[in-house]
Number of protein chains: 2
Amino acid sequence: MREDTRTRIQEVALRLFTEQGYEATSLREIAEELGVTKAALYYHFKTKDDIVASLVDLRVAEIEELVEWARTRPRTPETRRSLLERYAANLARPSHLEVTRFLERNQTALRAHPKLIKMREAMLALTAELSEPGATPVERISRSLALVALHAGKWMTAQDGLTEDEIAKASMEVARRLVDM
Amino acid sequence: MREDTRTRIQEVALRLFTEQGYEATSLREIAEELGVTKAALYYHFKTKDDIVASLVDLRVAEIEELVEWARTRPRTPETRRSLLERYAANLARPSHLEVTRFLERNQTALRAHPKLIKMREAMLALTAELSEPGATPVERISRSLALVALHAGKWMTAQDGLTEDEIAKASMEVARRLVDM
DNA sequence: GTCTATACACTGATAGAC
DNA sequence: GTCTATCAGTGTATAGAC
């Protein structure tokens, strides 16, 4: 049984946006791959931006949920390590990884997009939860980098002759050291 | 005495590309701000991509120079720390900082651009120089992040109520710890 | 050498027919 | 739900004025 058109549009769009870039991917391209016309896309999504919005929604919700959880806990080393593990587990799901990669690669193109602004705010809030009020500049910067380390681990896949598993474990170890600094 | 048109095009283009994104900035926009027509831009640059290429050239050359320098030295902790300091000094110059920021923000849009591919290769080579042959996965990932830390310090300017100087010093300290891991 | 005028194929988007 | 037709605006290109 075939999926509905809306879902197929999202899948093709996410793939092409990530591979070629958001602006470099035309609606005609997406439509042709699906065997429909541009106008058909406009029945399912109001604008091109709207396709992006639909992709980002779930991801933002999960990060905000993670922030909520962190706020119920004291800002201790234990909380920080738990937060890292929850974030990594979340990132490990293929659909989320794809969306995150897409967003990282298309920052400027999507700069003014309301959903993207929400996403950025959520990530900032998450970073804030990794530092206690009296943290030094070195601690703040080092902890911001912990999340970057987890992303970097995912992008590095199949490089340097390391296995995917080695990279995942190593980047988690680096992230852990960064929040413990 | 007024600068020549070519230089003014580069300045306006770099600013608009960074602020709004590469694809979101039209040649008409650049031309209007300079008080000329689109066609005038085509006298000075063959294509829109060509404007980017001219901006990136110097930056790539300097990174490759840094790689050359590193290759003449043993891969020791001392070399790594020197490399960081040279890279940071290089990054501190306003023109380079702007170009680097522009490139980071427009990765996908410029994906296939030959100059960008050279830039990416140069950064990979630089990262490679930060690890000795027998380095563990944790060491490799941690050292790649050192360069990211220096960039992050620059982007973070005027946030969290920290002064620019505090941030610069702190991110250098984090970078140093990352290469010493 | 420096620029203007003009044209071309393509883009995101809309209106209306089936 | 999908189509055809059409719009203004885009990057690109060239012919020709000075």
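Reminder, nothing fancy here: chain letters follow the sequence lines and each chain counts from 1.
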>> How many whole angstroms separate atom CG of A/Asp50 from atom P of C/dG12?
In response: 14 Å
>> Nearest whole Å is fine: how far is D/dT2 P from A/Arg6 CZ?
In response: 13 Å
> What integer distance in Å separates A/Ile9:CD1 from D/dT2:P?
Replying inline: 8 Å
> For the pair made of CG in B/Leu27 and P in C/dT11, what is the distance, rounded to whole Å?
Replying inline: 17 Å
> A/Lys48 has an atom NZ; how far is it from atom P of C/dA13, in whole Å?
Replying inline: 8 Å
> Which nucleotide in the set D/dG11, D/dT4, C/dA5 lies at the smallest distance from any side-chain heavy atom of B/Ala39?
Replying inline: C/dA5
> Do A/Glu173 and A/Arg177 meet the salt-bridge criterion of a basic N to acidic O distance under 4.0 Å?
Replying inline: yes
>> Checking side-chain hydrogen bond (donor to acceptor under 3.5 Å, both in side chains) between B/Glu132 and each of B/Arg140, B/Arg75, B/Arg143, which is the one that passes?
In response: B/Arg143
> Do the side-chain N or O atoms of B/Thr37 get closer than 4.0 angstrom to the phosphate oxygens (OP1, OP2) of C/dC3?
Replying inline: no
> Quick one: which of D/dT12, C/dA13, C/dA15 gets closest to the side chain of B/Thr47?
Replying inline: D/dT12
>> Heavy atoms from C-beta onward define the side chain here; which of D/dT2, C/dA13, C/dT4 lies closest to that of A/Ala40?
In response: D/dT2
> Any side-chain N or O of B/Arg28 less than 4.0 Å from the OP1 or OP2 oxygen of D/dG11?
Replying inline: no
> A/Lys38 NZ to C/dC10 C1': how many Å, rounded?
Replying inline: 8 Å
> Taking only side-chain nitrogens and oxygens of B/Thr5, does any of them come within less than 4.0 Å of OP1 or OP2 of C/dC3?
Replying inline: yes
>> Judged by each residue's nearest nucleotide on DNA chain D, which is more toward the 5′ side, A/Gly35 or B/Glu23?
In response: A/Gly35
>> Show me the pairs that pass ring pair (Phe, Tyr, Trp, His ring centres under 6.0 Å) and involve residues 36-73 of chain A, at least two apart or across chains.
In response: none
> Quick one: are B/Trp155 and B/Glu104 in side-chain contact, heavy atoms under 4.5 Å?
Replying inline: yes
> NZ of B/Lys46 versus P of D/dA13: gap in Å, rounded?
Replying inline: 9 Å
>> Between B/His44 and C/dC3, is there a contact of a side-chain N or O with OP1 or OP2 at under 4.0 Å?
In response: yes
> Between A/Tyr42 and C/dA13, is there a side-chain N or O to OP1/OP2 distance below 4.0 Å?
Replying inline: yes
> Any chain of hydrophobic side-chain contacts (each under 4.5 Å) joining A/Tyr87 to A/Leu58?
Replying inline: no
> D/dT10 C1' sits how many Å from B/Leu41 CG, rounded?
Replying inline: 13 Å
>> Any side-chain N or O of B/Tyr43 below 4.0 angstrom from OP1/OP2 of C/dT2?
In response: yes
